[in-house]
Amino acid sequence: MKSLTTRLTNKLNIEFPLIIAPMYMVSYKTMAIEAIKQGCIGSLASLNYKNTSDLENDIIELNKVKDRYNGTYAVNLLIVGNNNYKEHLDIVVKHKVPLIITSLGSPKEVVKRVHKYDGIVLADIVNQHFAKKAFKVNVDGVIAVGHGAGGHAGNNNLLTLIPILRKQYPEKIILSAGGIATGQAIAATIVLGSDGVSIGTPFINCKESPVSQEYKQAVINANIDDIVLSKALTGTPATVINCEELSLLEKKLSGKNISMQDGMKTLSSNDYKKIFMAGQSVGAINSIESVKNIIDEFKTKTINTLKNY
Ligand SMILES: Cc1cc2nc3c(=O)[nH]c(=O)nc-3n(C[C@H](O)[C@H](O)[C@H](O)COP(=O)(O)O)c2cc1C
């Protein structure tokens, strides 16, 4: 059996400690269902839902799917920069979503309401300062987002950050995210002291992903050196595959203040269908595979590596 036991798998009663990370305009219900079937954790990015009723319907469906398999799912709540945060929180509480991943902003209110029904809250953090703040308001764990991650990457190296957090919070759930693209890398994070991983970029161009063929091909074509940080898309530095259109957009926006909402509109607008967000692990992606195949390979390599360790 390809299972691995950690604090995360024990707490959620799942087989393997891997989250398909929430990704704006990438991670929807279909990918989440596949992750659940593989005994892992799928996720919905609540920012992807313009209508709260669509989010509610997907949650109702995922609640049914998770009861049939050894996996589960999370909903990502962006606390700052999400106009529908209050409604989204009401919906996840109403349907007792098993795992909430918070990003940008204090998870205090989420923890208070989600713990009432025994749900679990993990906060995205990029350094010790934000980990301390998150644990102060009683999150169950943190996802340490390191250098090289897709989206709003951190500055810190996971080789350094994970052992520091493990020592500081010996009983808490600590997950690793950023640039993890092989089972050997997953095993390495476990050896460092983490309880599992949250992986985004390697799933951007999976078979079930709804992104365009151009985006999928761009992920295959790009290598680690093509990933740059740009403020042009969300107002704060986010990782993007470098291209001519990005340089043009940066020139057009230079000197302007971009809010998260403006950026999200930019990303979904027709003008910029050639600017793609992705992390450094694009360099390790050479083909389009199903979620099942990607996870299967991750599991095999992780378990074999840990066996030989
Ligand atoms: C295209 C893309 C969109 C993302 N959108 C979100 C988002 O909406 N909310 C969020 O909390 N994180 C978002 N992230 C960050 C991921 O949740 C995760 O932290 C990251 O992908 C992990 O690094 P990796 O891509 O190197 O695996 C996004 C990442 C990518 C690549």
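In what follows, residues are counted from 1 in the order of the sequence shown. It should be emphasised that the depicted structure is a prediction, and the values quoted were computed from it without experimental measurement.
- Side-chain atoms of R166 come within 3.5 Å of backbone N or O of Y169 as a donor-acceptor pair.
- Clustering ILVMFWY residues whenever any of their side-chain heavy atoms sit less than 4.5 angstrom apart, transitively, puts L229 in a cluster other than the one holding I241.
- With a 6.0 Å radius and a threshold of 12 heavy atoms from other residues, nucleotides or ligands, N155 has its CG atom at or below the threshold.
- Evaluated for a side chain to side chain contact (heavy atoms under 4.5 Å, CB included) with V121, the options V114, I173, L77 yield exactly one hit, V114.
- Residues I125 and V145 fail the side-chain proximity criterion, which asks for heavy atoms closer than 4.5 Å.
- Looking only at side-chain heavy atoms (C-beta outward), D226 and N221 stay at 4.5 Å or farther from each other.
- Salt-bridge formation is detected for the pair E109/K86: a Lys NZ or Arg NE/NH1/NH2 atom is positioned less than 4.0 Å from an Asp or Glu carboxylate oxygen.
- The cluster map of Ile, Leu, Val, Met, Phe, Trp and Tyr, joined by side-chain heavy atoms under 4.5 Å apart, puts L159 and V142 in the same cluster.
- Taking all atoms of both residues into account, the shortest heavy-atom contact from L99 to L12 is CD2-CD1, 4.1 Å.
- Of all the heavy atoms in A21 and S198, the pair that sits closest is CB-OG, 3.3 Å.
- Ring pair F276/Y215 is parallel by interplanar angle, where below 30° counts as parallel and above 60° as perpendicular.
- A side-chain donor-acceptor contact under 3.5 Å links T201 to the backbone of G279.
- Here the closest heavy-atom approach between residue Y117 and residue V97 is recorded as OH-O, 2.7 Å.
- Taking the side chain as every heavy atom from C-beta outward, N205 and I220 approach each other to under 4.5 Å.
- Contact between G200 and M23 at its shortest, heavy atoms only, is O-CE, 3.3 Å.
- Both I285 and V228 sit in one connected hydrophobic cluster of ILVMFWY residues. Membership requires side-chain heavy atoms under 4.5 Å apart, directly or through other members.
- In this structure, S43 contributes its side chain and I20 its backbone to a donor-acceptor pair below 3.5 Å.
- H147 NE2: 12 or fewer foreign heavy atoms inside a 6.0 Å radius.
- In this structure, K299 contributes its side chain and Q38 its backbone to a donor-acceptor pair below 3.5 Å.
- For N13, the CG atom sits in a loose shell: 12 or fewer heavy atoms of surrounding residues, nucleotides or ligands are nearer than 6.0 Å.
- In this structure, the separation between CD1 on I79 and CG on L89 is 8.5 Å, given to the nearest 0.5 Å.
- Note on R113 versus D90: salt bridge recorded, some NZ/NE/NH1/NH2 to OD/OE distance being below 4.0 Å.
- Put simply, the side chain of I199 does not reach to within 4.5 Å of the side chain of I19, judged on heavy atoms.
- Note on I180 and L306: same hydrophobic cluster, where clusters join Ile, Leu, Val, Met, Phe, Trp and Tyr whose side-chain heavy atoms are under 4.5 Å apart, directly or indirectly.
- If you take CD1 on I275 and CD on E245, they are separated by 6.5 Å, rounding to the nearest 0.5 Å.
- Distance alone, capped at 3.5 Å, is enough to place a donor-acceptor pair between the T239 side chain and the G151 backbone.
- Looking at I101 and V75, their side chains never come closer than 4.5 Å, going by heavy atoms from C-beta outward.
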Step-by-step side chain to side chain contact (heavy atoms under 4.5 Å, CB included) determination, S194 to L175: CA-CA 5 Å; S194 83; L175 301 187; 5.7 Å; no

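- We find the NZ-CG distance between K11 and L122 to be 9.5 Å, quoted to the nearest 0.5 Å.
- Looking at K66 and P98, their side chains come closer than 4.5 Å, going by heavy atoms from C-beta outward.
- Distance alone, capped at 3.5 Å, places no donor-acceptor pair between the D58 side chain and the L55 backbone.
- Looking at D140 and K172, no side-chain N of the basic residue comes within less than 4.0 Å of a carboxylate O on the acidic one, giving no salt bridge.
- The closest donor-acceptor contact from the side chain of N156 to the backbone of L161 lies at 3.5 Å or more, if one exists at all.
- The NZ atom of K301 sits 3.5 Å away from atom CD of E297, with the distance rounded to the nearest 0.5 Å.
- The existence of a salt bridge linking E289 and K207 is excluded, since no basic side-chain nitrogen approaches an acidic carboxylate oxygen closer than 4.0 Å.
- Under the 3.5 Å distance criterion, the side-chain polar atoms of N76 are left unmatched by any main-chain donor or acceptor of S46.
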Before giving the answer on side chain to side chain contact (heavy atoms under 4.5 Å, CB included), spell out for F130 and K133 the whole-Å C-alpha distance, their side-chain angles and the decisive distance to 0.1 Å. CA-CA 5 Å; F130 285 115; K133 280 181 109 167; 4.1 Å; yes

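- The two residues C40 and I295 come nearest to each other via the heavy atoms SG-CG2, 3.8 Å.
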So K216 and S209, side-chain hydrogen bond (donor to acceptor under 3.5 Å, both in side chains) or not? Walk me through it. CA-CA 9 Å; K216 290 189 180 186; S209 165; 4.8 Å; no

Residues E250, K231; criterion salt bridge (Lys or Arg N to Asp or Glu O under 4.0 Å); working and verdict: CA-CA 8 Å; E250 285 192 326; K231 283 188 182 177; over 6 Å; no

Let me see the working for I162 and I174 under side chain to side chain contact (heavy atoms under 4.5 Å, CB included), right down to the final yes or no. CA-CA 8 Å; I162 296 298; I174 312 278; 4.0 Å; yes

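- Contact check on K274 versus E214 returns a salt bridge, with a Lys/Arg side-chain nitrogen under 4.0 Å from an Asp/Glu carboxylate oxygen.
- Looking at L62 and I36, their side chains come closer than 4.5 Å, going by heavy atoms from C-beta outward.
- Between N48 and Y28, some side-chain heavy-atom pair lies under the 4.5 Å cut-off.
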Side chain to side chain contact (heavy atoms under 4.5 Å, CB included) between I294 and C206: does it pass, once the steps are laid out? CA-CA 8 Å; I294 298 171; C206 69; 3.8 Å; yes

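- We find that E61 and K64 are not joined by a salt bridge, their nearest charged nitrogen and carboxylate oxygen being 4.0 Å or further apart.
- The CG atom of L18 sits 6.5 Å away from atom CZ of F298, with the distance rounded to the nearest 0.5 Å.
- Between the side chain of N308 and the backbone N or O of N304 there is at least one donor-acceptor pair closer than 3.5 Å.
- A donor-acceptor contact shorter than 3.5 Å is absent between the side chain of E87 and the backbone of T52.
- In the hydrophobic clustering of this structure, I164 does not group with V197; members are Ile, Leu, Val, Met, Phe, Trp, Tyr whose side-chain heavy atoms approach within less than 4.5 Å, directly or through other members.
- For P210 against M31, the heavy-atom pair with the smallest separation is CD-SD, 4.4 Å.
- Residue K37 holds its NZ atom at 13.5 Å from CG of N70, rounded to the nearest 0.5 Å.
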